[in-house]
Trainee: 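Structure below; questions to follow.
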2 protein chains.
Amino acid sequence: MPRRKSDVGLEPNRRAELLRAAAKLFVEKGFDATTTRDIAEAVGMRSGSPFYHFRSKQELLKAAMIEGLDAGHAQLLSAIDGINDPEAKLRVLVRTHLGTLLEGDCRSPLLVSEARALDDKARAEIAAAFDRYQVPWQETLEALQQADKLASAAPPVRLLLFGMLNWSSHWYRPDGELSVDELADAAVAMLIARPKKTKAQQ
Amino acid sequence: MPRRKSDVGLEPNRRAELLRAAAKLFVEKGFDATTTRDIAEAVGMRSGSPFYHFRSKQELLKAAMIEGLDAGHAQLLSAIDGINDPEAKLRVLVRTHLGTLLEGDCRSPLLVSEARALDDKARAEIAAAFDRYQVPWQETLEALQQADKLASAAPPVRLLLFGMLNWSSHWYRPDGELSVDELADAAVAMLIARPKKTKAQQ
DNA sequence: GAACAATAACCAAGCGCTTGCTTGCTTAAT
DNA sequence: ATTAAGCAAGCAAGCGCTTGGTTATTGTTC
């Protein structure tokens, strides 16, 4: 029974709906602990119906990761659009990343740890999507180094930075004392040696 | 059929053997993707035999995490024993932590993300073990702040630091260009504003 | 514009397999 | 004689996925 046009207000594109529900459940419970029945139920389908849209559970994960990462990438680009100062740019990158990580409901960067459930080919595609995501970060870090605001822009710096941010999903509680803005500030402050103060930073 | 004394070289304590095998598999494949049959096979048992030592698969995870964390804690304490300079202390903490993370074969800190498979009570016990583990870190960070080598020793700093380190297990390759020692140096350098150089840190 | 065919998007039912775990028994050590 | 430590076998539940049918929509032909 397909959706009628009279069912207004309901997402007509059930594929995207499945992707969002799957991403959310995969993040919350993990890939293996999430059953295809969970996903179907989350969008009001019967247990076998998701397989009309996706050939396998793995393909659902793969699509959720890639499309989620690309969406996040686009969000990053539009967020830094027009910003020239590299420090301000980094601040916006960090804030936006933490936003999709802690405030969104798909939170695709967290699914990295679930990629082990996929085969080599799928993992390669995901790695490519992640490379795209990292481009603006690396550019900004190099600009910061050029402006003498960063000691090094070697790859480990970028990776350590992502670690700081991504791991925060393990401990950050939105109802706690720390706001996401403050967290973003703390992360940026750890990276950048403030130019105005010298050795003794209060 | 219990182990004979004549089976020299084989671990007599099969419980610890099970714990190590389970921790390794849980880290590699995740809790849900690891079957109790995998664990049994890894130590040369039949599929039902692990349940003589542990009441459930969850209890295996819980024990692996707590005993792994406490072992890591003891290793930390003995590693910093006799070191007074807080910067050297931090360096050793980071290096030791990365050692158990990237070079050990249990790597218990990585299992944090698998704790969601446990109930509230078990998670509370694990959180307590993690609190113990974090004590020397917080002490060292505060000593660093007192010595004006660190801008802030507020809790987020410690948590961001753990993020940097723990996340490295997602990308670090032991056969790559970067050694664990260099990685430890890079991580410490990101935290500490070098006192000898000022603004332009080359 | 009515009749019909084709298609998209599901549902109902269930198949074969794997899972965590149990039970009853066996054997070596104490 | 008792116990610690395991094996052999298997159960019930849950898993990913398939199959065949059903229905509203869309396109085509007369």
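Just so you know, these numbers use all the heavy atoms, side chains as well, and skip hydrogens, waters and symmetry mates. Below, read A as the first sequence line, B as the second, and so on, with proteins coming before strands; counting in each chain starts at 1.
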Trainee: Find the distance B/Asn13:CG to D/dG6:P and express it as a whole number of Å.
Mentor: 10 Å
Trainee: So, using salt bridge (Lys or Arg N to Asp or Glu O under 4.0 Å) as the criterion, who are the partners of B/Asp119 when residues are at least two apart?
Mentor: none
Trainee: May I ask you to say what B/Ser49 touches in the nucleic acid, namely base, sugar-phosphate or nothing, with a heavy-atom cut-off under 4.0 Å?
Mentor: base
Trainee: Taking only the side-chain heavy atoms of A/Ser47 (C-beta and beyond), determine which of C/dC21, D/dG16, C/dG14 contains the nearest atom.
Mentor: C/dG14
Trainee: Do A/Arg37 and D/dG14 have a side chain to base donor-acceptor pair shorter than 3.5 Å?
Mentor: no
Trainee: In whole Å, I'd like the distance from the CZ atom of B/Arg14 to the P atom of D/dA4.
Mentor: 17 Å
Trainee: If I take atom CD in residue B/Gln58 and atom C1' in nucleotide C/dT19, what distance separates them, rounded to the nearest angstrom?
Mentor: 12 Å
Trainee: Any side-chain to backbone donor/acceptor pair from A/Gln138 onto A/Ala153? Under 3.5 Å, distance only.
Mentor: yes
Trainee: Rounding to a whole Å, what distance do you find between B/Phe51:CZ and C/dT22:C1'?
Mentor: 10 Å
Trainee: Remember a base hit wins even if backbone is also touched, and classify A/Ser56 as base, sugar-phosphate or nothing at under 4.0 Å, heavy atoms.
Mentor: sugar-phosphate
Trainee: Starting at NZ of B/Lys57 and ending at C1' of C/dC21, how long is that distance when rounded to a whole Å?
Mentor: 12 Å
Trainee: Taking the inter-plane angle between the rings of A/Tyr133 and A/Phe130 on a 0 to 90° scale, is it parallel (under 30°), tilted (30 to 60°) or perpendicular (over 60°)?
Mentor: tilted
Trainee: What is the distance, to the nearest angstrom, from the OH atom on A/Tyr52 to the C1' atom on D/dC17?
Mentor: 17 Å
Trainee: Whole angstroms only, please: what is the CG-C1' distance between B/Leu18 and D/dA5?
Mentor: 11 Å
Trainee: What is the distance, rounded to the nearest whole Å, between atom CD of B/Glu41 and atom P of D/dG6?
Mentor: 16 Å
Trainee: Would one find a side-chain N or O of A/Arg46 under 4.0 angstrom from OP1 or OP2 of C/dA12?
Mentor: yes
Trainee: May I ask you to check whether A/Phe162 and A/His97 place their ring centres under 6.0 Å from each other?
Mentor: yes
Trainee: Could you tell me whether the phosphate oxygens of D/dA4, OP1 or OP2, come under 4.0 Å of any side-chain nitrogen or oxygen in B/His53?
Mentor: no
Trainee: Taking only Lys NZ, Arg NE, NH1 and NH2, and the carboxylate oxygens of Asp or Glu, determine whether A/Glu67 and A/Arg20 approach each other closer than 4.0 Å.
Mentor: no
Trainee: A/Gly48 or A/Thr35: which one's nearest nucleotide on DNA chain D is closer to the 5' end?
Mentor: A/Thr35
